[in-house]
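Start at 1 with the first residue, then count along the sequence.
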Amino acid sequence: MAGKITYLDGLRGVAAVNVMIMHFFVALAPAMVYGSEMPSHFGQLDLLFSNTPFGLIGAGNFSVCIFFTLSGYVLTQKYFKTKDNGVIISSAVRRYLRLFVPVFAAVMFSYLLASAGLYRSYLETMAVSAGSNYRGYWDFTPGIVDAVKEAVWDSFFVGGKTPYNPVLWTMNIEFFGSMLVFAMALLFGSLRNRWTFYLASTVLFLNSYYLAFIIGMAFADTSSSKMPVFKTDNNILLSIILVSGLFLGSYPLSPVTTGSLYAFLNTGFFKTPEAAYHIIGAGMIMYVLLNSRGLQAVFSSPLPLFLGKISYSLYLVHFLVISSFTCALFLAMYPVLSYGAAFLISCFLSVFLIVPLSYLFYKYVDMAGMELSRAFYNRLVNSHASAGAGHMKQGHLSSVIFTIYNKIFK
């Protein structure tokens, strides 16, 4: 993009913090996320967080869906403003390196922590907080070859379990979701009947996280058009959509019982209702933010903007700190303090390590990844440009292809 949309960065930052809060719960108060499936340490408070809209605090999966929706929007917004195919080609070529460099650094950091035995604190904490290592994290023998393979290949092209950093399960979806909206923008973005293809892809990916990318791309299309279809300044309507989106975003990960606030949503229409409702809720929040100047001002304020700047770094490193430092601190305090006090103090103090570490990671790793991806693309373009008349310059071949395509379908 020519310039970042600040309030979207702010939303991303708040969402990253919410993922961090969820992982504090996963490690030390699992019943707050998974309800009665896990041992309770805080009584009714556990049920309040796991089965009511209070669960928005620590709604990590909902926050991930916000990430995906933001990606769909941000990655295609400049294209819909300019209709320049080169914008998409540039972003697509740079995407892997942009995501990979910080992932590689985080996995190597995790490998060092695992090799030093610092994740033993997490395993010991699980015996106290959950009765067992119910997520199966950190129960492996570290090896450098496996770590490199996870960073380079598995996180992006295989998906599933990522032992050296469990949060990397999203990288496979993020990468292929990015490629999906790039391809859709190139193929259909300039067609008059492109919304037919958007609708078809929505049906195709209805039970997939890729739906969030399509929603984000559709918003980018409408917000960049001369006559946006979905624009409104009706504050009552926006408030209703906001509350509804937050309610859907709080849909629990724990089993929904017949007496639950969310029971009426269990229609059987979605294969994974928690993912579907979180995606729809994320889309509704995004819609309100794109239309509400008040919310835009809130998310453009200094704290959300700072969190947005370090959000990718914070996402990558926070669980490594929680699994080592936070759990070690909790184990040290639990014998002498109440469970609640040990939980609160260990989480609070950990934030003062996670945030500075995330900033350093952003400054020295994440920014390096951005620069490397740009340098790689520029070098690639320059090498093609200097190859002589026998080679087409970047963008020429694609423009020919899409001119023919548009003649056929328009």
Side-chain angles (χ1 to χ4, degrees), residues 13-14 16-52 54-60 63 106 109-140 142 163-167 253-254 303 307 310 313-361:
V14 172
V17 169
N18 218 25
V19 173
M20 177 183 70
I21 293 172
M22 177 190 176
H23 285 133
F24 280 133
F25 292 164
V26 164
L28 301 175
M32 285 191 170
V33 179
Y34 301 107
S36 58
E37 290 186 327
M38 291 288 119
S40 175
H41 299 286
F42 300 103
Q44 289 299 313
L45 193 61
D46 287 330
L47 296 177
L48 195 66
F49 272 76
S50 63
N51 287 290
T52 76
F54 280 97
L56 282 168
I57 302 172
S63 298
F109 179 47
S110 180
Y111 167 75
L112 294 176
L113 293 176
S115 298
L118 296 181
Y119 291 141
R120 282 197 297 266
S121 296
Y122 177 89
L123 299 175
E124 293 174 17
T125 299
M126 285 297 96
V128 177
S129 67
S132 66
N133 185 14
Y134 69 102
R135 298 299 295 267
Y137 296 152
W138 312 122
D139 190 14
F140 64 91
Y164 287 88
N165 196 344
V167 305
L253 297 179
S254 59
L303 181 57
L307 294 172
I310 67 169
S313 299
L314 190 151
Y315 180 78
L316 291 175
V317 305
H318 77 273
F319 194 60
L320 310 183
V321 175
I322 290 172
S323 299
S324 52
F325 176 79
T326 306
C327 288
L329 197 57
F330 172 80
L331 290 173
M333 291 189 292
Y334 178 56
V336 295
L337 299 174
S338 68
Y339 193 98
F343 165 73
L344 290 173
I345 294 171
S346 58
C347 292
F348 179 75
L349 293 179
S350 295
V351 172
F352 290 95
L353 176 58
I354 292 171
V355 172
L357 180 61
S358 299
Y359 176 74
L360 293 174
F361 198 89

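Nearest heavy atom pair, residue L331 against residue S121, reads CD1-O, 3.5 Å. Between L329 and S346, the shortest heavy-atom contact is CD2-CA, 3.7 Å. Nearest heavy-atom pair, S350 versus T326, reported as atom, atom and distance to 0.1 Å: OG-OG1, 2.6 Å. In terms of heavy-atom proximity, A16 sits nearest to L314 at O-CD2, 3.7 Å.
In this structure, I354 and I322 have side chains that are in contact, with non-hydrogen atoms separated by less than 4.5 Å. In this structure, I57 and M32 have side chains that are not in contact, with every pair of non-hydrogen atoms separated by 4.5 Å or more. The shortest distance between side-chain heavy atoms of P166 and R135 does not fall below 4.5 Å. In this structure, the side chains of L45 and L48 come closer than 4.5 Å at one or more pairs of heavy atoms. In this structure, S323 and W138 have side chains that are in contact, with non-hydrogen atoms separated by less than 4.5 Å. The closest side-chain heavy-atom distance from V321 to F325 is below 4.5 Å.
Atom-to-atom distance recorded for I310:CD1 and L360:CG is 10.0 Å, nearest 0.5 angstrom. For the atom pair CG of L28 and OH of Y122, the computed distance is 9.5 Å after rounding to the nearest 0.5 Å. Separating the CZ atom in F343 from the CG atom in L337 is a distance of 14.0 Å, to the nearest 0.5 Å. Annotation: the span from L357 atom CG to H318 atom NE2 amounts to 12.0 Å, rounded to 0.5 Å. A distance of 8.5 Å separates CG in L353 from OG in S358, rounded to the nearest 0.5 Å.
Applying the side chain to side chain contact (heavy atoms under 4.5 Å, CB included) criterion to S129, with sequence neighbours excluded, gives P30, H41, T125, M126, Y339. With sequence neighbours excluded, the residues satisfying side chain to side chain contact (heavy atoms under 4.5 Å, CB included) with S254 are S50, N51, P252.
Remark: side-chain polar atoms of N18 are not paired, donor with acceptor, to backbone N or O of G60 under 3.5 angstrom. Using modelled atom types, no side-chain atom of Y119 and backbone atom of Y137 make a donor-acceptor pair closer than 3.5 Å. Remark: the backbone N or O of Y164 is paired with a side-chain donor or acceptor of S110 at under 3.5 angstrom.
Test F42, F25, F24, Y34 against F49 for ring-ring contact (aromatic ring centres under 6.0 Å, His included) and you get one pass: F25.
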Practice task
Just do the side-chain contact (heavy atoms from CB on, under 4.5 Å) check on Y134 and V26 with the steps written out, would you?
Solution key: CA-CA 10 Å; Y134 69 102; V26 164; 3.3 Å; yes
Exercise for the section: Go through the steps for F361 and F109 under the test ring-ring contact (aromatic ring centres under 6.0 Å, His included), then give the verdict. Expected result: CA-CA 11 Å; F361 198 89; F109 179 47; 7.8 Å; no
Exercise for the section: Could you go through the side-chain contact (heavy atoms from CB on, under 4.5 Å) check for M22 and L253 one step at a time? Expected result: CA-CA 11 Å; M22 177 190 176; L253 297 179; 3.7 Å; yes
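Taking the six-membered ring for Trp and thresholds of 30 and 60 degrees, Y334 and F330 have nearly parallel ring planes, at less than 30 degrees apart.
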